[in-house]
Q: 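The structure that follows is given in the form of structure tokens.
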2 protein chains.
Amino acid sequence: MLDNTDMLILHELSKNSRLTMKELGEKVHLTGPAVSARVAKLEDSGVIEGYTIKVNQVKLGNSIHALINIYTKSAYHVPYLSFIKTSENYIINNYKISGDSCYLLECTFPSNEQLDEFLKGLSHYVNYKLSIVINK
Amino acid sequence: MLDNTDMLILHELSKNSRLTMKELGEKVHLTGPAVSARVAKLEDSGVIEGYTIKVNQVKLGNSIHALINIYTKSAYHVPYLSFIKTSENYIINNYKISGDSCYLLECTFPSNEQLDEFLKGLSHYVNYKLSIVINK
DNA sequence: CTAACTCCTTTCATTAATAAAGTAAAACGT
DNA sequence: ACGTTTTACTTTATTAATGAAAGGAGTTAG
């Protein structure tokens with residue numbers, strides 16, 4: 001399915017997805033058109049889901065990175081799920097998980113005020129346990 | 001510092017970081033060179049930290065997405081940190097966090113065998129609580 | 001009022017992307 | 001074993017984007 005060259009391509013594009021096909025080709029020892037065809041295949045097969053940027057949230061003013069374990073009070077999760085949709089700008093990920101809690105919610109906030117506001121709303125729907133990311 | 005156009009640029013590049021400057025310019029109502037200069041500024045200021053791809057880990061054969069709460073036995077974290085460096089291929093993120101546990105470790109594995117192997121090694125250095133991502 | 005600065009557009013030369021054609025090797029069926 | 005098809009690549013040529021340079025409009029400061 002995927003050979004070593006494909007893995008190299010994924011590795012290089014993970015490091016820099018704005019490489020030109022020519023540059024990428026040089027890194028994996030192929031010509032531009034050849035590597036371009038491989039990348040198109042990786043896109044079509046869904047291995048490459050998209051191209052994106054890493055944004056420094058702190059420089060955007062979002063200095064608080066929070067991980068919130070969610071414990072739904074009832075088996076009915078819809079109220080929680082629609083609540084976090086209304087706060088989409090803060091949400092990075094919402095993982096449904098096995099184990100202790102039902103979800104792990106990853107968010108960023110500009111300050112404790114917005115975090116507090118968010119938690120106030122959240123507490124209407126679920127119980128939670130808050131962790132703050134200190135590093136990495 | 002950042003105006004509305006910059007935010008639009010970040011939004012569009014988050015959706016697709018391989019847009020040409022011309023295409024990006026059309027989306028934010030600027031010419032190619034103008035938007036190119038703004039993007040260069042965002043890079044220089046560190047707001048844009050890099051360009052990357054979203055890879056479908058399942059299609060890569062990594063069907064298990066694990067979140068592991070780490071409880072270090074001693075205050076000395078180095079053995080744990082060097083252990084996860086030896087298993088770098090599985091690791092996505094290692095967050096140092098406040099709250100109950102010391103770290104939240106995010107990893108992917110091809111199968112339970114590799115996960116089991118990893119946990120066996122991990123248990124020499126720390127206590128842990130394992131969660132598996134079911135969705136999103 | 002002018003000078004300096006910022007932010008943009010336009011133009012143009014350079015460079016990359018893309019489509020098309022051709023080649024070589026591998027896989028397939030008979 | 002043979003010809004056919006497929007796959008993966010290179011080369012070439014056209015089209016399109018990038019990037020540098022020049023210039024203009026609006027803003028700020030002296």
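Chain letters run A, B, ... following the sequence lines, proteins first, then strands; residues in each count from 1. Being a predicted model, the structure only gives us computed values, none of them experimental.
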Q: How many whole angstroms separate atom CE of A:M21 from atom C1' of D:dC9?
A: 16 Å
Q: Tell me the interatomic distance from A:L24, atom CG, to C:dA17, atom P, rounded to whole angstroms.
A: 9 Å
Q: From the list C:dT9, C:dA19, C:dA16, which nucleotide is the closest neighbour of the side chain of A:P33?
A: C:dA19
Q: Using the six-membered ring wherever Trp is involved, compare the ring planes of A:F118 and A:Y90 and label them parallel, tilted or perpendicular (cut-offs 30° and 60°).
A: perpendicular
Q: Within this structure, what is the NZ-to-C1' distance between B:K41 and C:dC7, rounded to whole angstrom?
A: 8 Å
Q: Please check if the distance between the ring centroids of B:F109 and B:H65 is under 6.0 Å.
A: no
Q: I need the CD-P distance between B:E26 and C:dC8, as an integer number of Å.
A: 16 Å
Q: So, do B:Y80 and B:Y103 have ring centers that fall under 6.0 Å from each other?
A: yes
Q: Between D:dT18 atom P and A:L19 atom CG, what is the distance in whole Å?
A: 14 Å
Q: Using the side-chain heavy atoms of A:T20, tell me which of these nucleotides is nearest: C:dT9, D:dA17, C:dA16.
A: C:dA16
Q: Check B:E88 with B:K85, please: is the shortest side-chain N to carboxylate O separation under 4.0 Å?
A: no
Q: Any side-chain N or O of B:T31 below 4.0 angstrom from OP1/OP2 of C:dT9?
A: yes
Q: Return the value, rounded to whole Å, for the distance between atom CG of B:D3 and atom P of C:dC7.
A: 9 Å
Q: Want to settle it: does A:G32 or A:R18 sit nearer the 5' end of DNA chain D, counting the closest nucleotide to each?
A: A:G32
Q: Looking only at side-chain atoms of B:A34, point me to the closest of C:dT9, C:dA19, D:dT18.
A: C:dT9
Q: Which nucleotide in the list C:dT9, C:dA17, C:dC8 gets nearest to the side chain of B:R38?
A: C:dC8
Q: Side-chain donor-acceptor pair under 3.5 Å between A:Y125 and A:H77, yes or no?
A: no
Q: Given atom CG of A:L30 and atom C1' of C:dA17, what is their separation to the nearest angstrom?
A: 16 Å
Q: Please state how far atom NZ in B:K22 lies from atom C1' in C:dA17, giving the value in whole angstrom units.
A: 13 Å
